[in-house]
Amino acid sequence: MSEDEDAECQKQLSKRNLRKCLYLCSFAFMMNYSAYAGLIFLQSSVNIENGLGTTGLFLIYATSAFSTIFFVPIFIDFKGAKAAIVAGEIGILCYTLSNFYPSWYTIIPAALIHGLTESASWAGSSVYVTYLGEQYWERCQSNKPIPSTSNKSKESYVYKFFCQFYTVVYFSQVLGNAVVSIVLTSLKDFQTSHENFTDTTATEPPSKILVQKVVSFGNLTNTTSNTTLGEAVGVISDDTWEACGSMECQADFIYNADPERMRKYEPSKISIYLLLALFLLMQITFTMVHAIFLPRIPAKFGSNEHGRHSSVGQSENELEKDQLVKDSASERKITLKNAMVSELKETFRHMVSPLHLLVLPMVFYCGVFTAFSVAEFTRAYVSCTIGVEQIGIVMVAYGLTSMAVSGVSTQLLPHFGRNRLVFVSAFLHLGTFLFCLFYSPSSQSPWMIYLNAVLLGACDGAIVNVIQGMIASYFGDQLAIAFSVKNFGTNLGVVAGTGWSTILCVYVKLYILMGLLAFSFICYIFGEIWFQNKVKRSSADTAKAAPSTQF
């Protein structure tokens, strides 16, 4: 084989390795977050007593909002993207372990640890996928000795890699909730069956006690003492559903721990332990996959020791040449303090810019909406009505709809423009909130709960792409900082949504959401006007400068 042919094979191998790294990163990330998504959607139900679950979520995102600005960017710059991904997944492991014995002494410390690294895995994966896309573009260019005007840009390859990455990762919501549904549903009757062999005077199922009380008042004269709530659902469940949906108020019952009312939020212990064991196994396995098999990529301010680490898609000789170039080009020492000061100055300058202040309300609203879907819908509309065991299958419908709408909106965005999609998304959100507000849960129409999940999933899929496209268009010259600050704003929204979860009734939260939606939509209109004027001024300045450069 000639030298040219050997070099060509090496280039093809490098491109193939880059794709393998993308698939490895995506699949392991998806499996980790499948377990995490399934656990998060259960928190407001299984840990409902005294608001422990939502308090843990509040602390996760409050700490994450802090670390997104002050910790994660510096960590990635010095330790690299791979280290950030693994650190974020170790934080999830700590949080999962704490759920084996949920208490204020376990959930709260684990939430703080997880919150510190929560955004590290997302930011690290973004940096990693961007690097893979850029390296792939460079190898494609090296295969074409004659430049062509039809060559794809570097951004197009990066975007393609991100599309493949998020297509895999977004499936985590579906997979995680499917596991939840299978485990909780299959073991739903385990606790009840076990209690039938125990002292019924002390441990009789609350559903049976409730029916017996109704019998004693003569409301169910045909119901025997062996009748369960499930068998009498057509007669009395509508009464128990009256305090669900928009009328649910956690403060009325989570602090007195009424066993009759808490029953529907708490699955059997064996099902929870089995579910947590499965999640823990998934997280340990695929965190090790990332730690052992995922190649490192160069850190911005990392050490350049020869032969210490393999770069993705590069041979040892290529790596040594690159290291020599980097060593000669970066003689100066960069201290942690200088890097932090420089990053923070740019970040805060971006945060106080007028255009960002007009974008911030929509980003904040997105976080509050996420908190409503995770903490309020799963508890007030699902657990409170059809039971905690059904959260998994309901949220599968949510996840599938979110994926479908996200994919459709991505295809429609170039044809219809961002402004039209913003209008459609705003009306979709408003209609969904009105449905949540006026829908009265009834045992005669449980399918309406699944319709509600589909509507919320469509809202989620629509708003994510709108915000991502808006940030990319408005702040194209400083994307890294813009997306970091965007995550900060979203986390603040989640903090607010989980912070008032145990204090306010659901209908009050819906009114707040509609108010935030209207305010963010108005700010978006002014922000779009500001941006278009900025583009016009920039074009005018370029046109004025062009003639002067010709003389």
Side-chain angles (χ1 to χ4, degrees), residues 32-64 91-115 118 172-173 176-177 179-181 183-184 248 250-251 253-255 257 262 264-269 271-280 282-283 367-384 387-392 394-396 398-399 453 456 491 493-504 506 509:
N32 261 295
Y33 271 85
S34 293
Y36 180 62
L39 182 62
I40 285 296
F41 282 121
L42 289 173
Q43 285 302 300
S44 64
S45 294
V46 297
N47 293 327
I48 189 174
E49 189 171 343
N50 295 322
L52 176 60
T54 50
T55 302
L57 294 178
F58 168 83
L59 289 175
I60 287 173
Y61 288 98
T63 311
S64 179
I92 296 175
L93 269 173
C94 295
Y95 186 67
T96 303
L97 283 169
S98 70
N99 276 267
F100 279 94
Y101 185 76
S103 70
W104 294 96
Y105 302 103
T106 57
I107 293 290
I108 301 307
L112 293 173
I113 295 172
H114 171 40
E118 190 272 336
S172 63
Q173 197 174 97
N177 285 300
V179 173
V180 170
S181 177
V183 173
L184 296 189
E248 197 242 30
Q250 286 191 77
F253 64 93
I254 64 172
Y255 299 109
M262 290 297 208
K264 55 191 171 185
Y265 297 102
E266 299 174 352
S268 64
K269 292 293 184 182
S271 64
I272 285 295
Y273 289 143
L274 177 58
L275 188 64
L276 289 173
L278 287 174
F279 285 164
L280 193 64
M282 291 168 62
Q283 291 167 354
V368 179
F369 172 81
T370 300
F372 179 85
S373 300
V374 172
E376 310 304 329
F377 174 71
T378 55
R379 185 196 66 255
Y381 290 87
V382 184
S383 293
C384 187
V388 66
E389 294 84 5
Q390 300 301 317
I391 286 180
V394 171
M395 298 313 291
V396 165
Y398 176 99
L456 287 170
N491 286 341
V494 177
V495 167
T498 54
W500 63 49
S501 178
T502 59
I503 303 172
L504 304 176
V506 174
K509 300 165 190 172

Taken in chain and number order and not counting sequence neighbours, the residues that satisfy side-chain contact (heavy atoms from CB on, under 4.5 Å) with I113 are C94
Taken in chain and number order and not counting sequence neighbours, the residues that satisfy side-chain contact (heavy atoms from CB on, under 4.5 Å) with Q173 are F41, N177, Y398
[X]: which residues meet the side chain to side chain donor-acceptor pair (under 3.5 Å) condition with it, sequence neighbours left out?
X    : answer
Y381 : none
T106 : S103
S45  : S383
S501 : Q250, E376

What closest approach, in Å, do [X] and [Y] show between heavy atoms, and which atom pair accounts for it?
X    : Y    : result
Y33  : S172 : C-CB, 3.7 Å
V368 : G493 : CG2-O, 3.4 Å
V494 : G367 : CG2-O, 3.3 Å
W104 : P109 : O-CD, 3.8 Å
N99  : P102 : O-CD, 3.4 Å
A111 : L59  : CB-CB, 4.2 Å

So, taking the atom named [atom1] in [X] and the one named [atom2] in [Y], what distance separates them when rounded to the nearest 0.5 Å?
X    : Y    : atom1 : atom2 : result
L42  : M395 : CG    : CE    : 10.0 Å
T370 : Y61  : OG1   : OH    : 7.5 Å
Q283 : T96  : CD    : OG1   : 3.5 Å
L39  : F279 : CG    : CZ    : 6.5 Å
T63  : F58  : OG1   : CZ    : 8.5 Å
L97  : Y101 : CG    : OH    : 15.5 Å

Problem set entry | Short side-chain to backbone donor-acceptor contact, K509 and L504, under 3.5 Å | yes
Side-chain (S64) to main-chain (I60) donor-acceptor, under 3.5 angstrom: no
field: Aromatic ring pairing H114/Y36, orientation class (parallel under 30°, perpendicular over 60°, tilted between)
entry: perpendicular
Under the side-chain contact (heavy atoms from CB on, under 4.5 Å) criterion, do I391 and L184 qualify, and how do the steps go?
CA-CA 9 Å; I391 286 180; L184 296 189; 5.9 Å; no
Is there a side-chain contact (heavy atoms from CB on, under 4.5 Å) between V506 and F377 once you walk through the steps?
CA-CA 9 Å; V506 174; F377 174 71; over 6 Å; no
Report task. Would you kindly say whether Q43 and Y95 are connected by a side-chain donor-acceptor distance under 3.5 Å? Result -> yes
Residue pair S44 / T378, side-chain donor-acceptor N/O under 3.5 Å: yes
